[in-house]
Amino acid sequence: MDNELMYVPVFRSKQQEIQVLKSFVFDKNVYPYIEIIKELDRVSKQSNKEKQISLFGGENKKTFESVYGSLIRSISAQKIFIDLPTHLSPDRNMKQESLNFLRTVISKREKRTSYLMKLKQYSDKIIPVISSYLQITGENDSIYLQAQELKKVFPSLAYRIMVATYEQDISEIIKTIRSKDYIFIDFGENILEENDWEANDIKDALKDINVHKIIHRCHIPETITMSSLEHGQRIEKIDNSLPYIYKNIGGNSFSDFVGIKKDNITNGGVQSPGLIFYDAVENAFFGYRYTYGGHKKGEVKPDLNEFETTIVPAVLASSSVKRMRAKNLDYLNIQNWGWNILNKINNGEENGKSPAKFKRISMQHYLHCIQQKMRDQEF
């Protein structure tokens, strides 16, 4: 059993999240987890369907294995979990490349397994993630069948259990799991407490399976939007207690979506200048948003200039920044790329009129702070 791993940050294969993966140096007790949500990276508007623009530069014909193999090689981490997430549901508002990948690859067990096998040359670095197809196709032995194929190549596998189907999932896992494997218990947005009956039921059901167990939770609720933030105020709906309680509910490590809300992979929507910023001293999140405009009919749309004129100055002058600067732990040092970008925007050295860039700032700042806390053995 892995006795080193402590934290698993979950990313999706989107441009800004990949930039974070490529630029961050993960400590040996942090294994990033990538949910691959599209077959390739991006399609050039001037190219045919086979010609792709790589996230890593250049324009060539791309394949699933070349795109994600290049990404895997670029990540500074000891191990990486790789998932083609079966928990996603088709939605007409979903981005087309993700909807196609979900329908043609992820939703078909054998096809999904064949895509994971395309990455077999990286078997020393990646850990494929398996989930049940019971809720998708009604197949009873789907976990077992996936594992039988993948364990021929990969020294370790991970099994992702959903709360709604944990009893069926565990009954399959015990038939095939090995000591070097992992189990993710995905609680979604459920509030977790040490005396939570459901968490303890799952803990009891898993107690005799001697593998590394990871408690995953979406700590930022889907209902939180940038327009709903109160400028400069603590976001009370965000509960980030998991790093402090995961051991008491049966986990060997904890997992979340890296200081951001889980992306629903849909198109459309008005871009709202805003930032969810982690206060490492308070272990809390504070919201910063635009002042002018709105989303209601007849209102002027929010101006992206407010990233630079309203949000950045407010964050830099905040009590959160003062608290973090006063601590012995170096939360806001030069290795914190999110903090560096905020200062570059403030100094006019970098364009700040980008919601995607501020998503990256949130992630890089949160990752740096959590890693600093682990180094100080706070969790």
Side-chain angles (χ1 to χ4, degrees), residues 5-12 14 16-17 20-21 24 26 29-35 81 83 85 87-88 160-164 184-196 198-199 202-203 213-226 228-230 233-265 274-289 315 320 324 331 336 338 358-374 378-379:
L5 176 62
M6 182 181 290
Y7 175 47
V8 180
V10 178
F11 300 80
R12 284 187 165 166
K14 301 190 70 174
Q16 290 299 322
E17 298 186 45
V20 176
L21 281 164
F24 195 81
F26 296 93
N29 59 354
V30 182
Y31 300 173
Y33 181 126
I34 307 172
E35 290 189 342
F81 293 101
D83 192 5
H87 63 85
L88 295 177
R160 188 170 181 171
I161 293 174
M162 300 298 173
V163 172
F184 278 85
I185 304 98
D186 189 339
F187 284 94
E189 292 187 13
N190 292 359
I191 298 296
L192 290 178
E193 298 175 347
E194 293 178 35
N195 59 353
D196 182 272
E198 195 165 48
I202 296 173
K203 175 183 175 180
K213 303 175 185 80
I214 301 140
I215 309 295
H216 174 79
R217 180 174 176 268
C218 306
H219 56 319
I220 301 181
E222 188 177 346
T223 53
I224 291 177
T225 61
M226 294 303 175
S228 70
L229 300 176
E230 293 184 48
Q233 299 301 306
R234 180 171 177 153
I235 308 172
E236 299 295 343
K237 288 183 178 181
I238 300 179
D239 171 15
N240 201 46
S241 61
L242 181 60
Y244 296 92
I245 67 169
Y246 69 92
K247 292 180 182 177
N248 295 329
I249 53 177
N252 302 106
S253 56
F254 65 96
S255 172
D256 57 37
F257 279 102
V258 207
I260 62 169
K261 183 171 68 173
K262 182 172 67 173
D263 195 307
N264 58 10
I265 327 174
L275 175 68
I276 295 175
F277 188 70
Y278 181 60
D279 182 328
V281 178
E282 296 284 320
N283 189 40
F285 291 83
F286 288 75
Y288 298 89
R289 56 155 282 173
V315 173
S320 293
M324 285 187 281
Y331 291 126
N336 184 335
F358 276 76
K359 174 183 176 181
R360 180 180 175 184
I361 289 169
S362 290
M363 298 179 80
Q364 287 180 314
H365 169 67
Y366 179 78
L367 262 179
H368 174 81
C369 291
I370 293 297
Q371 195 152 274
Q372 288 292 102
K373 283 174 172 285
M374 289 191 295
E378 186 170 322
F379 303 139

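All residue numbers refer to positions in the sequence shown, counting from 1.
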- Side chain of H365, backbone of N336: donor and acceptor closer than 3.5 Å? no
- Determine the interplanar angle of the F81 and Y31 rings, folded into 0 to 90°, and report it as parallel if under 30°, tilted if 30 to 60°, perpendicular if over 60°. tilted
- Task: Step through the shown structure and confirm whether more than 12 heavy atoms of other residues, nucleotides or ligands are within 6.0 Å of CD on E198.
- Result: yes
- Item | Non-hydrogen atoms of R217 and G188 that approach each other most closely | CG-O, 3.4 Å
- Task: Could you check R160, R12, H216 and say which one makes a side chain to side chain donor-acceptor pair (under 3.5 Å) with Y33?
- Result: R160
- Query: Are side-chain heavy atoms of I214 and L5 found at a separation under 4.5 Å?
  - Reply: yes
- Contact summary for I191 and D196, nearest pair of heavy atoms: O-OD2, 3.7 Å
- Task: Find the distance between CZ (F187) and CG (L192) and round it off to the nearest 0.5 Å.
- Result: 5.5 Å
- Output the distance between atom CD1 (I370) and atom OH (Y331), rounded to the nearest 0.5 Å. 8.5 Å
- Query: Side-chain contact, heavy-atom cut-off 4.5 Å: I276 with I260?
  - Reply: no
- Query: What are the two closest heavy atoms between I215 and G250, and how far apart are they?
  - Reply: CD1-C, 4.5 Å
- Query: Rounded to the nearest 0.5 Å, how far apart are CE of M324 and CZ of F277?
  - Reply: 4.0 Å
- Residues which pass side-chain contact (heavy atoms from CB on, under 4.5 Å) with K237, listed by chain and number, not counting sequence neighbours: P221, T223, I224
- Under the 3.5 angstrom rule, does the side chain of E189 hit a backbone N or O of E222 as a donor-acceptor pair? yes
- Measure the CG-OH distance between D256 and Y246 for me, rounded to the nearest 0.5 Å. 12.0 Å
- Item | E378 atom CD: more than 12 heavy-atom contacts under 6.0 Å | yes
- Task: Grab the two heavy atoms, one from P9 and one from V30, that are nearest each other, plus how far apart they are.
- Result: CD-CG1, 3.6 Å
- Message: On a heavy-atom basis, which atom in S255 and which in L242 lie closest, and how many Å separate them?
- Response: O-CD2, 3.6 Å
- Task: Evaluate the criterion ring-ring contact (aromatic ring centres under 6.0 Å, His included) for residue pair F379 and F254; output intermediate values, then yes/no.
- Result: CA-CA 10 Å; F379 303 139; F254 65 96; 5.5 Å; yes
- Heavy-atom donor-acceptor pair, K203 side chain to N248 backbone, under 3.5 Å: yes
- Could I get the full list of ring-ring contact (aromatic ring centres under 6.0 Å, His included) partners for F285, not counting sequence neighbours? H219, Y278, Y366
- Query: Counting only N and O atoms by type, is there a donor-acceptor contact under 3.5 Å from the side chain of N252 to the main-chain atoms of K213?
  - Reply: yes
- Task: Quick one: pull up CZ in R360 and NZ in K14 and give me the separation to the nearest 0.5 Å.
- Result: 15.0 Å
- Output for pair (D83 CG, E35 CD), nearest 0.5 Å, gives 5.5 Å
- Task: Please report the shortest heavy-atom distance between F257 and C218, naming the atom on each side.
- Result: CE1-SG, 3.5 Å
- Non-hydrogen side-chain atoms of Q16 and V20 separated by less than 4.5 Å: no
- Message: Checking F26 against F24 for the ring-ring contact (aromatic ring centres under 6.0 Å, His included) test, could you report, in this order, the C-alpha distance in whole Å, the side-chain angles of both residues, the deciding distance, and whether it holds?
- Response: CA-CA 6 Å; F26 296 93; F24 195 81; 5.0 Å; yes
